Every structure is written in structure tokens, then in C-alpha cells.
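Working notes for the structure below.
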Amino acid sequence: MNHFINISDLSKNELRSIIDSAKKRKSERGKKPNSQPDEDQPIQGKTMVMFFAKPSTRTRISFDLAVKQLGGSSIILNEDEIHYGKGDETIKDTAKVLSQYADILMIRTDSHKDINEFKKYLDIPIINGLTNMSHPCQIMSDILTFEESKGNIEGKTIAWLGDGNNVANSFIEAAIKFKFELKIGCPKKYGPDKKIVALAKKNNCKLFITEDPYEAAEGADCVMTDKWISMSDKGNKNKKKKALKKYQVNKKLMNVAKPDAIFMHCLPASREEEVTSEVMDGKQSVVWLQAFNRIHAQKSIIEWCVK
Ligand code: CP
Ligand code: NVA
């Protein structure tokens, strides 16, 4: 059994095999309806419990479909529906009980520490469905989407504009493993996690952080951004938005990337803040494919976890 908590926990080969098997399963399925299982149903009889302490559209539905396509079943729980979520039961006790009921657990929660605490007491694999620190499932879908449009990501250049948030942190970990260049354009105050930046430096990752959005986007194969205010953000929102204003992904900024560059956003988006509708709905945008590919990347993650 394997846990999927941080991109940095997996080897380069493990990550590559997850992406490659996602491509294979996706192409073998062809145009089957989303709720129809794959022929081999590799997790038939298995149950995945999903717990959401924060809202979700894509993660919730794409994981549910992923489990169905693999032949398993899922139980989706919100914060106010279980004792741990309401703060009435310890993680240890919840983990021990869930280990008897389910075969795999997926959690979206605020504190990354909670995921590690669950891992200590679980006898089943845990998947990180987003924390304040990271969003590894999103990044696997993004790499799948990038490679479907542009080929192998190794040696390519990705530009990240705006907040150095949980998604940006996971991207840095991915840049280390998949060996692409990552150029982050953000204000100093809203940069990515310092420990993850140090890990990138230690691994000779091609990570470049600048306060100039145009320098970050120049010559990129892909330009990415995310909401300026994340679900776990507690600071002064207006001050943060003001500081991030010049990092908006608009036509002018896209024009300094490669002419055939793609635009990505994990969604949900705040249109006209971090990205203009012109870019998001434009020809270079692959945001809908990114959301769809969550199903396929996550099927592969689930299979790797229950191995
Ligand atoms: N990208 C993403 O994780 O979306 P949701 O918050 O809707 O799950
Ligand atoms: N950075 C965003 C990602 C949402 C999928 C958040 O944490 O709210």
C-alpha cells in the first residue's frame, strides 16, 4: 500500500508510471460514458471514503467518477457530518475506525499536519485532496494535460503567476521530479513555501523566482495561475489582491510566452482578477481539459495507492 501525500514523497519513476498509466487507461476507455466502469474493474469490492473539510467541485466529483470507473464505490462526507470534522473525535480514533470500513481514504483539510497524523494511525492508504500546503492530485492532472498538448514535460518551461500558494508549492515539487523549468512571478510577501524552495535548490531544480511578471512569462510553454485568495487564507484580502494586481494573466502577458503556449488554471477562477475572461476562454486555454483529466490522473493515483 502507498500513501499519496506529497509529490516529493514519490520517486521520479513512480510519478512517471502514474502519468503513463493514466494516459493508457484514458485511451483504452475511448468514449465510454463517465459512470461506466473500465473492463478490468481493478478495485471491484473496494470502498473509498472522501472527507471534505473545505468546499470542492472538481475533486469531489472527479474522485467519485474515478472510483466508479475502477469498479469501486465511494462515500463522500462533509465537515459537519462526522465527529472528527466537528472536533468531537481525535484523528487517531477516527483513523482506526475508518481503517476497518474502507480501503482508501481521501481528505481535503486545512492543516497539512492532520494528513500526517492520519497516516500514523491508518491501516489503509491516504490521498491528500488539498491542504493549506499542497495540492498534489491537481498537479498530476496538470502534467497529464500538459503532455497531451505539448509532449514530455521534461526540459519545458512553465510560468506561474500570482500567489505562491499550495498549488505553486506542489508545482515546485513536480519541477524537481519531472525536470522542467519553473519560473514563478510573485511579490516577495506572497512567495511559495520557503522549505519547498530550499528543497528545489538542494536538488538543483531549475526554479527561478522573480517579482517581474513579464520576466516569469517570457518564452514559457505554459502560463499558469490560481486564485489570489485561497480557501485557507486568513490575512487582509484587499491588501493581498492589490499586491497581486500586476500578476494578472491577460493577453499582454500571454504575448510574451511562446506563441503556441497554453494557459492553465486549476479552477475555481476569479475571472478578471488573476485571469481575464479573454485568456480563460481563449484558444490557448486548456482549463476544461485540466478539470476533465482529474478523473484520469486520480484513477492512476488510486491504483498506485492500493497496490
Ligand atoms: N481544482 C480543484 O481542486 O477544484 P475543487 O476545489 O473544485 O475541487
Ligand atoms: N489555491 C486554491 C486551490 C483551489 C483548488 C485554494 O486552496 O483555495
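All ligand and atom numbering here is 1-based and tracks the order in the structure. All values derive from a computational prediction rather than experimental measurement.
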Within the structure, does Arg108 bring an N/O atom to less than 3.5 angstrom of an N/O atom in ligand 2? no

Looking only at N/O atoms, are Asn165 and ligand 2 under 3.5 Å apart anywhere? yes

Atom 4 (C) of ligand 2 sits nearest the protein heavy atom Leu130 CD1, 3.9 Å

Would you mind checking which non-hydrogen protein atom is closest to atom 8 (O) of ligand 2, with the distance to 0.1 Å? Met231 N, 2.8 Å

Atom indices of ligand 2, in the order listed, that fall short of 4.0 Å to a heavy atom of Asp226: 1 (N), 2 (C), 3 (C)

Run the numbers for me: atoms of ligand 2, each under 4.0 Å from some heavy atom of Leu267, listed by number. 5 (C)

Out of curiosity, is Ile229 lining ligand 2, as in a heavy atom under 4.0 Å away? no

Have Asn128 and Ser134 got a donor and an acceptor in their side chains that come within less than 3.5 Å? yes

Nearest-option assignment for atom 6 (O) of ligand 1, heavy atoms, candidates Arg108, Gln290, Met231: Arg108

If the plane angle is over 60° it's perpendicular, under 30° parallel, otherwise tilted; pick one for Phe171 and Trp160. tilted

Option from Lys227, His265, Lys245 for which side chain to side chain donor-acceptor pair (under 3.5 Å) with Glu274 holds: His265

Before accepting this row, confirm whether a basic side-chain N of the pair Asp221/Lys150 lies closer than 4.0 Å to the acidic partner's carboxylate O. no

Centroid-to-centroid, Tyr84 to Phe51, below 6.0 Å? yes

State if Lys54 counts as touching ligand 1 under the rule of any non-hydrogen atom under 4.0 Å. no

What part of Leu267, side chain, backbone, both or neither, has a heavy atom within less than 4.0 angstrom of ligand 1? backbone

Report yes or no: is the cationic atom of Arg16 (NZ for Lys, CZ for Arg) closer than 6.0 Å to the six-membered ring centre of Phe178, at no more than 45° off its axis? no

